Enquirer: 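One structure, as structure tokens, below. Some questions next.
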Number of protein chains: 4
Amino acid sequence: MPDIPQPRKTPLQARSRHAVAAILEAAARILARDGYAAFNTNRVAEEAGVGIGSLYQYFPNKQALVAALHRRHGEETLAALDRALADTAGQPPRERLAAMVVAALDLHRRELGLHRVLEREWPAFDEPPASNPLDQALRERMEAWLAESGLDPAKAGTLLRMADSLTHGLLLDADPGAAGLEHTITDALAGFLGLPARPHT
Amino acid sequence: MPDIPQPRKTPLQARSRHAVAAILEAAARILARDGYAAFNTNRVAEEAGVGIGSLYQYFPNKQALVAALHRRHGEETLAALDRALADTAGQPPRERLAAMVVAALDLHRRELGLHRVLEREWPAFDEPPASNPLDQALRERMEAWLAESGLDPAKAGTLLRMADSLTHGLLLDADPGAAGLEHTITDALAGFLGLPARPHT
Amino acid sequence: MPDIPQPRKTPLQARSRHAVAAILEAAARILARDGYAAFNTNRVAEEAGVGIGSLYQYFPNKQALVAALHRRHGEETLAALDRALADTAGQPPRERLAAMVVAALDLHRRELGLHRVLEREWPAFDEPPASNPLDQALRERMEAWLAESGLDPAKAGTLLRMADSLTHGLLLDADPGAAGLEHTITDALAGFLGLPARPHT
Amino acid sequence: MPDIPQPRKTPLQARSRHAVAAILEAAARILARDGYAAFNTNRVAEEAGVGIGSLYQYFPNKQALVAALHRRHGEETLAALDRALADTAGQPPRERLAAMVVAALDLHRRELGLHRVLEREWPAFDEPPASNPLDQALRERMEAWLAESGLDPAKAGTLLRMADSLTHGLLLDADPGAAGLEHTITDALAGFLGLPARPHT
DNA sequence: GATGAATGAGAGTTCATTCAT
DNA sequence: GATGAATGAACTCTCATTCAT
């Protein structure tokens, strides 16, 4: 089982927390602006205004940096979905689905470059999908929602992967401002879930 | 705009064609077996039983190798879709759609490791999507089919990207033998196209 | 001529003496357990339960640490030899020689790993041999004993180096529990000193 | 079991053989002149007048360089002992022993600095002593000689280690030109073997 | 006095690419 | 045309040491 690298030490002091944040910011910026090829630890440290040694004090290696960015993205996604569900409580499934799609798209549009790299260029070190607590939480949210909507909860995992694939595939490769992307994705997901087709397009 | 590297010279002689094929085979094998990290030109040349100098006679640089592999994949996909359409001439749209999905899945299942790398690990050098002749052809096929089925031909591009994303996203991350994958994807695409939901699952 | 680093300050306070001892213990433990490659000041400080800054308060640099360990070893050796000589007062030279060999072997067997590193892996910074007070004292003991035994006191220095070399060379590389090691070394030293060969082996 | 690194590829072409030789020379020179601390691969390559990449074409890592030097030393030792034995065929054991000691001392005197490092500073990577073919051959020589001289062949291994320890211990730490070193070592070895003491010194 | 976050020179190693043979 | 030895920029990571707190 492959070990996802964890931060080397949890920064407790104020200065440290600042350094970690600066490093993470710098990493995200470089990844987004220049891609994975230009992403090297020295450059990150430099851009963060931190010695390379400090970087290695908080992250055991290069991958740990990307992993941290990944984790952050996961957390934001979870929060966004929760908010979307809370905001649409009581509405019909299709509306809630659409709300979640919109939330996810908004989230991704804000850091397009970073996500492109995170999802597509990352030398995927065989992460067991859906094995970490975050993915677990995400899945539980979906299962609860599906059950509550009279849909098949067993479809939660596939629904998540599907939404993820579509968000990235359509948002990243296509013109980012493409109108109707929300409808496009919602329709596809609805199709998978067996929700009735919208009356007219 | 970044230029996709082209093979340095079209090999005409028999020996050359053999060398090029061997190099491509080796490249695919290494990518599939060991991932992009282990993919370096010296290794490819060695595995191909060819001098490193010869490799550079046919491919101007490393990326050209991956580009060639990409192109090959595109050609196979086009052929598979054409076959699926031909085999289902006269049938209702949903059947033809399903046939195409099955064809694509079959294609990908055969070279799972390679595609995983090709689609996810490749340090994507900003290829303008859908700009090459292959993608053009693919798109035309879809437009023709959509029009002929009474559906919106403008959805061809999105349909292709959607199918691609789903195929990779669901096939690669999930258990490869997952039953019902064909239905899952077909339902989603049908949902996007506005085809009526299947009666029961 | 290279200067052997000395402890930066002689610790007088109780707390300081404790810290120095802890550091020395930790250093010895790491050296013995993991070898010189794993021996770095941060690790020593951590294992000693002391801040790295404190370590540098008592030892000006890394080498001073090893030097201190070396010195400690020398002191123990001197004490052991003195004891062996005292215990065998009045006996013939060969018995006293044997007693010293046994004492030295016992001493080394107790901290095998540490000595291996101390003697073999230490990036020897050209210490002028026999220039420090400890080596002086050791040499005086031997000279006295040799003179008192009717042997050549000029051989003291060589005898000591010889004994040292044999102890480490035979004890460290060979099976540590090798029986007869005492006889082996005693015979060799006796041969050098011109003592008659033992009647039978 | 620890793997002693082997040369990466056996150089067949003239140019390559030259490069390997130059690298080995440079390595020996640096080790002898500046010690292990100053011994780094970039410096070796530079001193050899060779690109760092070339060094790594022939030696998989730093240790392999030192291992090669070690092996070379072993081969020279074996040859020297064989010559000493051949030159003294028919003479009494003590003379032959002395001849071997002289041969070994001559050998070591020629490359004092290098051997100091090779024997004492090398971050010994747990090589199982006497497990390689060279040490085997060395031991067989000694066993044959001991048997042929009416001495105990079982002492071969210890004799070799003893001779090695004494040669290095006395030659390296002491004044290199110390007169009588040959006698000193020969006497000690003779004492171990139970040969009668020399009449007078 | 004690701490430990911060530092950065420098180490080992890789690999895309060239070019003399 | 084919080869593969040679190259060196570039990368990841370590660790002795400092100094503000």
Side-chain angles (χ1 to χ4, degrees), chain A residues 9 11-20 37-46 49-63 65, chain B residues 9 11 13 15-16 19 37-46 49-65, chain C residues 9 11 13 15-16 19 37-46 49-65, chain D residues 9 11-20 37-46 49-63 65:
Chain A
K9 62 168 73 169
L12 294 173
Q13 324 230 340
R15 204 171 19 155
S16 316
R17 240 176 301 127
H18 174 264
V20 168
F39 176 75
N40 64 266
T41 52
N42 284 295
R43 205 130 126 50
V44 170
E46 191 190 11
V50 158
I52 179 65
S54 298
L55 187 154
Y56 277 93
Q57 201 131 70
Y58 298 112
F59 301 91
N61 54 45
K62 198 188 179 183
Q63 284 185 336
L65 258 181
Chain B
K9 58 173 69 176
Q13 322 254 342
R15 199 165 28 151
S16 311
F39 176 73
N40 65 265
T41 53
N42 285 289
R43 200 129 127 57
V44 169
E46 191 193 13
V50 162
I52 177 66
S54 299
L55 186 153
Y56 275 89
Q57 205 122 60
Y58 296 114
F59 300 90
N61 53 44
K62 198 188 180 183
Q63 286 185 336
L65 256 181
Chain C
K9 60 174 67 174
Q13 323 255 341
R15 197 164 29 150
S16 309
F39 176 73
N40 64 265
T41 52
N42 286 290
R43 201 129 127 54
V44 169
E46 192 192 12
V50 161
I52 177 67
S54 300
L55 188 154
Y56 275 89
Q57 204 124 57
Y58 296 114
F59 299 91
N61 53 44
K62 196 188 180 185
Q63 284 184 338
L65 255 181
Chain D
K9 64 166 72 169
L12 295 172
Q13 322 227 341
R15 207 175 11 158
S16 316
R17 242 177 300 130
H18 174 263
V20 167
F39 176 75
N40 64 266
T41 53
N42 284 293
R43 203 131 125 52
V44 169
E46 191 190 11
V50 159
I52 178 65
S54 298
L55 187 155
Y56 276 93
Q57 200 130 69
Y58 297 112
F59 300 91
N61 53 45
K62 198 189 179 183
Q63 284 186 336
L65 258 181

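Quick note on labels: first sequence line is chain A, next is B, and so on, each numbered from 1. Just so it is clear, the structure is predicted and the values come from calculations on it, not from any experiment.
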Enquirer: CD of Glu46(A) to CG of Asn40(A): how many Å apart, nearest 0.5 Å?
Expert: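 Reported value, rounded in 0.5 Å steps: 9.0 Å.
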
Enquirer: Just how far is it from atom OG1 of Thr41(B) to atom CG of Leu65(B), taken to the nearest 0.5 Å?
Expert: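 Nearest 0.5 Å value for the OG1-CG distance: 8.0 Å.
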
Enquirer: Identify the two heavy atoms, one from Ala45(B) and one from Leu55(B), that lie closest to each other, and give their separation to 0.1 Å.
Expert: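 Nearest pair, atom of Ala45(B) first, then Leu55(B): N-CD1, 3.9 Å.
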
Enquirer: Using a 3.5 Å cut-off on both pairing distances, which stems of three or more Watson-Crick or G-U pairs include DNA chain F?
Expert: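 Consecutive-pair runs (3 or more) involving DNA chain F: E:2-21 with F:2-21.
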
Enquirer: Provide, to the nearest angstrom, the distance between the CD atom belonging to Glu46(B) and the C1' atom belonging to dC15(E).
Expert: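 Glu46(B) atom CD is separated from dC15(E) atom C1' by 13 Å.
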
Enquirer: For Ala19(B) and Tyr58(B), work out which heavy atoms get closest and say how close.
Expert: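 Nearest pair, atom of Ala19(B) first, then Tyr58(B): CB-CE1, 4.1 Å.
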
Enquirer: Please encode protein proximity along nucleotides 7-12 of chain E as a string of B, S and -, counting only heavy-atom distances under 4.0 Å.
Expert: BBB-SB

Enquirer: Please state whether the phosphate of dA5(F), meaning OP1 or OP2, lies under 4.0 angstrom from any side-chain nitrogen or oxygen of Tyr58(D).
Expert: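 Answer no for this pair, as no side-chain N or O of Tyr58(D) is under 4.0 Å from OP1 or OP2.
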
Enquirer: Which heavy-atom pair separates Asn61(C) from Tyr56(C) by the least distance, and what is that distance?
Expert: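 Shortest heavy-atom contact: CA-CE2, 4.0 Å.
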
